[in-house]
**Student:** 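Would you mind keeping the following structure in view while I ask a few things?
Atoms within each ligand, like the ligands themselves, are counted from 1 in listed order.
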Amino acid sequence: MTKAPLTLYLAAPRGFCAGVDRAIKIVEMALEKWGAPVYVRHEIVHNKFVVDGLRDKGAVFVEELEECPPDRPVIFSAHGVPKAVPAEAARREMVYVDATCPLVSKVHIEAARHHENGLQMIMIGHEGHPETVGTMGQLPEGEVLLVETVEDVATVEVRDPAQLAFVTQTTLSIDDTADIVAALRVRFPAIVGPHKEDICYATTNRQEAVKAIAPDCDALLVVGAPNSSNSKRLVEVARKAGCSYAQLVQRAEDIDWRALEGIRAVGVTAGASAPEVLIDEVVAAFGARFDMTVEKVETAQENVEFKVPRVLRIPA
Ligand code: 0CG
Ligand code: SF4
């Protein structure tokens, strides 16, 4: 049987960002330095394949610090933690390594600075997401108000409109966040905040790359996990940019081939926590079924790298 022709647009940048790369390295280096088990509070990054691989090497994943024995090292995930978590680890005299992405830590510092200046904080983010919990947890309970949508802006009750600042989650939709920030600036003209928002370079670049390919695609697949905020945003961006069939897949076995019957062009990208081997697997699955031509579409180049914490760079 002859295979149908298919153009596969491979977005770039896609996949691992510098913060994810660093967080995974931290777990690997901690295992080398201290041996197994090393505890990790929350999935180090939101990807089952990555987590399973580290578990095989001796990492133990837990949700709360209380689940860790005091005599084993613990690592905090890339998404960040409330201030109370390292404080509690220190109180228990635990060895801990913070794998919070430096770009998330930057937002933590911003929030703390505004608070010190007497400003009430608004956080734009998704309720319950670990990054939002971590950033809000930099300040005392009740000091940060959460805003998720433009509608929330209309109803949020602030102490003093003249004494207000905002920060954002790093993995939001650029366009939706711009609308929320604009609504905040209309309702609270004195609000202080970053020039645009706190969305990171990796989130920005992956969304831009999707926008470049989506209009030409009959379908677009985002390799990523259902709990990965930045990956889910890529699906939404693809749909908004004109590709009505955009889906999140964890790996090739999740692809619904019947839904893809008759397509001539497919887009493939991946969230910041999805390893390249899973993208290769998805591309290979298309190659097995179609007479495929791969076209790489690169909209930006990335050369960001973050060092691992010093404790892991010095010998045991
Ligand atoms: O995109 P979120 O914040 O959900 O995290 P993920 O682990 O998927 O990727 C980057 C990080 C940290
Ligand atoms: Fe850091 Fe952005 Fe990657 Fe999150 S998505 S780990 S903020 S670089």
**Student:** So, for E131 and T168, which heavy atoms are closest and what is the spacing to 0.1 Å?
**Tutor:** OE2-O, 4.4 Å
**Student:** Does L146 share a hydrophobic cluster with I124, counting links as ILVMFWY side-chain heavy atoms below 4.5 Å and allowing steps through other members?
**Tutor:** no
**Student:** Following the transitive rule for hydrophobic clusters with a side-chain heavy-atom cut-off under 4.5 Å over Ile, Leu, Val, Met, Phe, Trp and Tyr, establish whether L220 and L6 coincide in one cluster.
**Tutor:** no
**Student:** Is the number of heavy atoms from other residues, nucleotides or ligands under 6.0 Å of R55 CZ greater than 12?
**Tutor:** yes
**Student:** Below 4.0 angstrom from a heavy atom of S229, which ligand 1 atoms are there? Numbered from 1 as shown, please.
**Tutor:** 1 (O), 2 (P), 4 (O)
**Student:** Enter the distance from N230:CG to C17:SG here, rounded to the nearest 0.5 Å.
**Tutor:** 7.0 Å
**Student:** Please confirm whether K232 comes under 4.0 Å of ligand 1, counting heavy atoms of the residue only.
**Tutor:** no
**Student:** Quick one: how many protein N/O/S atoms are under 2.8 Å away from atom 3 (Fe) of ligand 2?
**Tutor:** 1
**Student:** Specify the protein heavy atom at minimum distance from atom 9 (O) of ligand 1: its residue, its atom name, and the distance to 0.1 Å.
**Tutor:** N230 ND2, 3.1 Å
**Student:** Could you tell me which atoms of ligand 1, counted from 1 in the order shown, lie closer than 4.0 angstrom to a heavy atom of V20?
**Tutor:** 10 (C), 11 (C)
**Student:** Side chain, backbone, both or neither: which applies to T171 and ligand 1 if a contact is any heavy-atom pair less than 4.0 Å apart?
**Tutor:** side chain
**Student:** As an exercise, state the distance from OG1 of T132 to CD of Q169, rounded to the nearest 0.5 Å.
**Tutor:** 3.5 Å
**Student:** Consider every N or O of S231 and every N or O of ligand 1, then say whether any pair is closer than 3.5 Å.
**Tutor:** no
**Student:** Name the one of K232, K240, R233 that satisfies salt bridge (Lys or Arg N to Asp or Glu O under 4.0 Å) with E236?
**Tutor:** R233
**Student:** Classify the angle between the aromatic ring planes of F286 and W257 as parallel (below 30°), tilted (30 to 60°) or perpendicular (above 60°).
**Tutor:** perpendicular
**Student:** Evaluate whether atom NZ of K83 has more than 12 neighbouring non-hydrogen atoms of other residues, nucleotides or ligands under 6.0 angstrom away.
**Tutor:** no
**Student:** Please work out, at 4.0 Å between heavy atoms, whether the side chain, the backbone, both, or neither of E43 comes within that distance of ligand 1.
**Tutor:** neither
**Student:** As an exercise, identify every atom of ligand 2 less than 4.0 angstrom from a heavy atom of Y201.
**Tutor:** 8 (S)
**Student:** Should H79 be counted as touching ligand 1, given the test is an N or O pair under 3.5 Å?
**Tutor:** yes
**Student:** Could you list which atoms of ligand 1 come closer than 4.0 Å to a heavy atom of A78?
**Tutor:** 12 (C)
**Student:** What protein heavy atom sits nearest atom 6 (P) of ligand 1, and how far off is it?
**Tutor:** S273 OG, 3.5 Å
**Student:** CZ of R313: more than 12 outside heavy atoms within 6.0 angstrom?
**Tutor:** yes
**Student:** Without hydrogens or angle criteria, can the side chains of Q247 and D256 be said to hold a donor-acceptor pair below 3.5 Å?
**Tutor:** no
**Student:** Does atom CD (E127) have a neighbourhood of more than 12 heavy atoms from anything else shown, all under 6.0 Å?
**Tutor:** no
**Student:** At a 4.0 Å threshold, what atoms of ligand 1 neighbour a non-hydrogen atom of V45?
**Tutor:** 7 (O)
**Student:** Apply the test side-chain hydrogen bond (donor to acceptor under 3.5 Å, both in side chains) to residues E295 and T7: give CA-CA distance (whole Å), side-chain angles for both, the deciding distance (0.1 Å), then the verdict.
**Tutor:** CA-CA 7 Å; E295 276 195 36; T7 305; 5.3 Å; no
**Student:** Which residue and atom name correspond to the protein heavy atom nearest atom 7 (O) of ligand 1, and how close is it?
**Tutor:** H46 N, 2.6 Å
**Student:** Is the contact between N227 and ligand 1 made by the side chain, the backbone, both, or neither, using heavy atoms and a 4.0 Å cut-off?
**Tutor:** backbone
